[in-house]
Amino acid sequence: MKSTSRRDFLKKSFLASASALAVPSLLNSCKDVETSAEKDIPVLQKDEKSHLIVPKKNGLPITGTFLDEISHDIPHQNWGEAEWDMDFQHMKNIGIDTVIMIRSGYRKFITYPSKYLLKKGCYMPSVDLVDMYLRLAEKYGMKFYFGLYDSGKYWDTGDLTWEIEDNKYVIDEVWEMYGEKYKSFGGWYISGEISRQTKGAIDAFHAMGKQCKDVSNGLPTFISPWIDGKKAVMGTNKLSREESISVKEHERDWNEIFDGIHDVVDACAFQDGHIDYDELDAFFSVNKKLADKYGMECWTNAESFDRDMPIRFFPIKFDKLRMKLEAAKRAGYDKAITFEFSHFMSPQSAYLQAGHLYNRYKEYFDIK
C-alpha cells in the first residue's frame with residue numbers, strides 16, 4: 001500500500017509540474033498565434049516626434065510592387081487569401097496602386113490552371129492565384145500587371161527567343177480567361193530579365209510585347225532589366241566583382257535595345273541594386289535620357305532587399321532604400337516599384353525586419 005501511495009504521489013506531482021510548465025508554454029504559443037500576423041511591431045504614434053535628421057519626402061514614393069509567388073530564390077510564406085488580403089491593405093496604406101505578378105510560372109510551377117501549360121507537364125496549382133490577385137486588386141482599387149511565363153530555357157541557354165513560343169499560347173489564354181472579366185487587369189510584364197545585348201532579347205521583347213498589346217487593345221507593357229554593375233554576381237558567393245559596365249557602355253547597349261522595342265514596350269523599370277550608391281545618379285540620368293528619347297516611361301525597380309549582405313536575401317537597410325528613391329526623384333523618374341513588398345516591407349512578412357522597414361518608410365514619407 002505504501003509503495004502504491006508513493007507511486008501515486010510521484011505521479012500526481014509529476015503531472016502537476018508538467019501542467020505548470022505546459023500552461024505558460026501553451027499561453028505563449030497562443031499569444032504567438034494571435035500576434036503572428038501583426039508581428040507585434042510597434043507603430044509610431046501621432047504624438048511621437050520623428051528624429052530623422054534628413055529631409056522627409058525627398059524621394060520618389062513607391063507606388064507599385066511585384067508579387068513574388070512563383071519564387072526562384074526567396075522562401076515562400078505560404079499565405080492564403082486572408083493573408084494576401086491583409087497584405088493588400090498594408091500596400092494600400094502606403095500608396096501602392098499597382099501590383100505586378102512577377103511571372104505566371106517558372107519551369108513546372110504555375111500560378112493558374114493553364115490548359116496549355118498543364119498539357120506540357122506543369123504542376124496543377126492548388127489555388128488560382130491570378131484570379132485571386134485580380135479580385136484583390138479590384139477590391140483595393142489597384143491595377144494588376146500579368147507577368148509572362150518563364151520556361152527556364154533562357155536561363156539554361158542565354159537565348160531569350162526560347163520564351164516566345166510558350167507565351168504565344170499563354171498570352172491568348174490568359175486574356176480569354178481573365179482580361180475581359182476584370183477591370184483591374186491593367187497591363188503586362190514581359191518577365192525576361194536581361195542586362196545588356198542578350199541574344200534574342202530585342203526580337204523576344206518585340207514579339208511578346210506586340211502580342212500583349214494586340215490581344216488587349218493596347219494595354220501597357222513593361223520590362224525590368226538589371227544594370228550590369230559591380231553587384232551583378234548571380235550564381236557566386238561574392239558580393240561584388242572587379243569588372244562592371246561603364247555608363248557609356250550601358251548607354252550604347254540600351255540605346256540599341258530601346259530603338260528595337262519602344263513601339264511595343266511602354267516602360268522600363270531598371271533594377272537598382274546592381275550598382276553602388278554613389279553610381280546611382282550617373283546611371284539613372286542615362287536611363288531617363290534614353291526613355292525620353294524613345295517616348296517610354298522611366299520607372300525604377302527599387303529593390304527592398306539587401307544585396308550587400310553575405311546571406312541572401314534580407315530586408316534592406318532603410319538608408320539604402322532612401323538613397324535609391326532620392327536618386328530616382330532627382331533623375332525625374334516617372335514611377336517607383338519595388339521587388340518586393342510582401343517579403344521585405346510587409347508588417348506580416350516572415351522577416352521581422354520587414355515590418356520595421358515599413359515603419360521607417362512611413363515615418364520618412366509622413367504616412368499615418
Side-chain angles (χ1 to χ4, degrees), residues 64 66-67 70 98-122 128-131 133-134 137 143-194 197-225 254 256-269 291 294-297 299 301 337:
F66 283 101
L67 305 172
I70 295 292
T98 306
V99 290
I100 308 117
M101 188 172 66
I102 195 163
R103 54 186 71 87
S104 53
Y106 180 59
R107 299 188 189 267
K108 290 190 175 184
F109 283 96
I110 56 178
T111 56
Y112 73 102
S114 165
K115 292 180 180 178
Y116 170 77
L117 293 173
L118 288 170
K119 286 180 181 177
K120 287 182 65 72
C122 289
D128 186 338
L129 293 169
V130 175
D131 186 78
Y133 288 144
L134 282 162
K143 288 297 182 184
F144 170 84
Y145 278 67
F146 179 87
L148 301 188
Y149 174 67
D150 184 344
S151 71
K153 290 179 182 176
Y154 158 59
W155 299 109
D156 296 336
T157 65
D159 185 350
L160 197 61
T161 55
W162 279 106
E163 304 307 324
I164 298 174
E165 187 63 23
D166 286 331
N167 279 297
K168 281 181 183 177
Y169 300 95
V170 168
I171 292 165
D172 285 345
E173 181 181 60
V174 162
W175 184 252
E176 184 179 344
M177 291 175 68
Y178 310 102
E180 296 179 356
K181 181 179 179 182
Y182 290 104
K183 294 180 182 178
S184 55
F185 198 116
W188 306 85
Y189 169 54
I190 306 171
S191 59
E193 295 180 32
I194 68 170
Q197 293 172 322
T198 303
K199 184 178 180 182
I202 294 176
D203 290 342
F205 281 153
H206 196 277
M208 292 186 284
K210 185 178 187 308
Q211 186 179 350
C212 287
K213 294 184 80 65
D214 286 349
V215 77
S216 63
N217 299 314
L219 284 184
T221 62
F222 84 98
I223 59 174
S224 187
W254 282 95
E256 181 178 345
I257 296 168
F258 281 7
D259 184 54
I261 66 172
H262 69 276
D263 58 323
V264 293
V265 176
D266 298 285
C268 180
Y294 288 101
M296 298 168 65
E297 288 195 10
W299 299 1
N301 180 355
I337 63 176

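These numbers were taken from a predicted model, which means no experiment stands behind them.
- Put simply, CE on Met296 and CD1 on Ile261 are 4.5 Å apart, with the number rounded to the nearest 0.5 Å.
- Put simply, the side chain of Ser224 does not reach to within 4.5 Å of the side chain of Glu193, judged on heavy atoms.
- Distance CE/Met208 to CG/Leu148: 6.0 Å, rounded to 0.5 Å.
- Put simply, CD1 on Ile100 and CD1 on Ile337 are 4.0 Å apart, with the number rounded to the nearest 0.5 Å.
- Tyr294 is not listed as a side-chain neighbour of Cys268, based on a closest heavy-atom distance of 4.5 Å or more.
- The closest side-chain heavy-atom distance from Ser216 to Phe185 is not below 4.5 Å.
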Worked check of side chain to side chain contact (heavy atoms under 4.5 Å, CB included) between Asp131 and Tyr182: CA-CA 9 Å; Asp131 186 78; Tyr182 290 104; 2.4 Å; yes
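- No side-chain heavy atom of Lys181 sits less than 4.5 Å from a side-chain heavy atom of Leu134.
- A donor-acceptor pair under 3.5 Å is formed between the side chain of Ser104 and the backbone N or O of Gly147.
- In this structure, Lys213 contributes its side chain and Gly218 its backbone to a donor-acceptor pair below 3.5 Å.
- You'll find the side chain of Tyr178 reaches within 4.5 Å of the side chain of Asp128, heavy atoms only.
- The CD atom of Glu176 lies 14.0 Å from the CD1 atom of Ile171; values are rounded to the nearest 0.5 Å.
- Closest approach of His262 to Asp259, counting heavy atoms only: ND1-O, 3.2 Å.
- Proximity of Tyr189 to Met101: side-chain heavy atoms (C-beta onward) are nowhere separated by under 4.5 Å.
- The backbone N or O of Ser191 sits nowhere less than 3.5 Å from a side-chain atom of Arg103 that would complete a donor-acceptor pair.
- With respect to the salt-bridge test (charged N to carboxylate O, under 4.0 angstrom), the residues Lys153 and Asp166 do not qualify.
- Looking only at distances, no side-chain donor or acceptor of His206 sits under 3.5 Å from a matching main-chain atom of Ile202.
- In this structure the side chain of Ile257 reaches within 4.5 angstrom of the side chain of Ile194, judged on heavy atoms.
- Among all heavy-atom pairs drawn from Leu118 and Pro113, the shortest one is CD1-C, 4.2 Å.
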field: Trace of the side chain to side chain contact (heavy atoms under 4.5 Å, CB included) decision for Thr221 with Val264
entry: CA-CA 7 Å; Thr221 62; Val264 293; 5.5 Å; no
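- Counting all heavy atoms, side chain and backbone alike, Glu163 lies closest to Gly152 at OE2-N, 3.9 Å.
- Between Tyr133 and Val99 there is no side-chain heavy-atom pair separated by less than 4.5 Å.
- In this pair, Phe222 and Phe66 present their aromatic rings tilted. The plane angle is within the 30 to 60° band.
- Taking CG of Leu160 as the start and CH2 of Trp155 as the end, the distance is 9.0 Å to the nearest 0.5 Å.
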query: Between Asp150 and Ile102, does a side chain to side chain contact (heavy atoms under 4.5 Å, CB included) hold up when you go through it step by step?
result: CA-CA 10 Å; Asp150 184 344; Ile102 195 163; over 6 Å; no
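- For the pair Trp175 (side chain) and Val215 (backbone), a donor-acceptor distance under 3.5 Å is present.
- For Thr111, there are no side chain to side chain donor-acceptor pair (under 3.5 Å) partners, not counting sequence neighbours.
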message: Could you go through Tyr149 and Tyr116, starting from their C-alpha distance and side-chain angles, then the distance that decides it, and tell me whether this counts as side chain to side chain contact (heavy atoms under 4.5 Å, CB included)?
response: CA-CA 11 Å; Tyr149 174 67; Tyr116 170 77; over 6 Å; no
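- Tyr145 and Pro220 make their closest contact through OH-CG, 3.4 Å (heavy atoms, listed as atom of the first residue, atom of the second, distance).
- Looking at every heavy atom in both residues, Cys122 comes nearest to Arg107 through SG-O, 3.4 Å.
- Heavy atoms of other residues, nucleotides or ligands lying less than 6.0 angstrom from CH2 of Trp162 number 12 at most.
- Among residues two or more places apart in sequence or in another chain, the side chain to side chain donor-acceptor pair (under 3.5 Å) test is passed with Glu173 by Tyr112, Ser114.
- Checking side-chain atoms of Asn301 against main-chain N and O of Ala269 turns up no donor-acceptor pair under 3.5 Å.
- One finds the OG1 atom of Thr161 at 7.5 Å from the CG atom of Asp203 (value rounded to the nearest 0.5 Å).
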